[in-house]
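Worksheet: the structure to be examined is printed underneath.
Everything numeric here is computed off the predicted structure, so don't read it as measured data.
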Amino acid sequence: MLANHGVEHQDVIRIIGSSEKSFDEAVQNGISTIREGHAGTPRAELHYVSFEVVQLQGLIKDNGEAPGVSLFQAVLDVVGVHRHEH
């Protein structure tokens with residue numbers, strides 16, 4: 001009979017973080033939300049280990065004077081690991 005072994009694997013979750021101040025704050029805001037909305041789902045068991053910024057984007061505020069940035073956004077791929085018991 002085979003022993004009952006757990007198998008660890010990774011999931012990647014895409015998150016968009018936003019800020020009115022900076023790209024750095026957009027990244028921090030995105031990371032701070034990774035557990036929201038996952039209660040009672042398999043993702044609630046994830047242990048988050050790393051992230052990659054895959055895109056930076058934003059909105060321009062142009063009111064006829066000097067244009068500026070009205071919103072900074074960072075698109076993140078966040079890696080979480082968990083075990084499946086077999």
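The hydrophobic cluster of I60 has no other members, since no ILVMFWY side-chain heavy atom comes under 4.5 Å of it.
Note that the CD1 atom of I13 and the OH atom of Y48 stand 3.5 Å from one another [nearest 0.5 Å].
Partners of D24 by salt bridge (Lys or Arg N to Asp or Glu O under 4.0 Å), not counting sequence neighbours: none found. For E25, the side chain to side chain donor-acceptor pair (under 3.5 Å) test picks out S19, with sequence neighbours left out.
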All N/O donor-acceptor pairs, side-chain side in residues 65-81, below 3.5 Å, sequence neighbours left out:
residue	atom	partner	partner atom	Å
S70	OG	L59	O	3.4
Q73	OE1	Q57	NE2	3.0
Q73	NE2	S18	OG	3.1
D77	OD1	R14	NE	2.7
D77	OD1	R14	NH2	3.1
D77	OD2	R14	NH2	3.1

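Proximity of F51 to I15: side-chain heavy atoms (C-beta onward) are nowhere separated by under 4.5 Å.
Under a cut-off of 6.0 angstrom, the local environment of CD in Q55 is crowded, with over 12 non-hydrogen atoms contributed by other residues, nucleotides or ligands.
Within the structure, the salt bridge (Lys or Arg N to Asp or Glu O under 4.0 Å) test picks out no pair touching residues 48-58 (sequence neighbours left out).
The hydrophobic clustering, which links ILVMFWY residues whose side-chain heavy atoms are closer than 4.5 Å, places I31 and I16 apart. In terms of hydrophobic clustering, with Ile, Leu, Val, Met, Phe, Trp and Tyr side chains grouped at heavy-atom distances under 4.5 Å, V49 and V12 are assigned to a common cluster.
In this structure, T33 and N29 approach most closely via the heavy-atom pair CG2-O, 3.2 Å.
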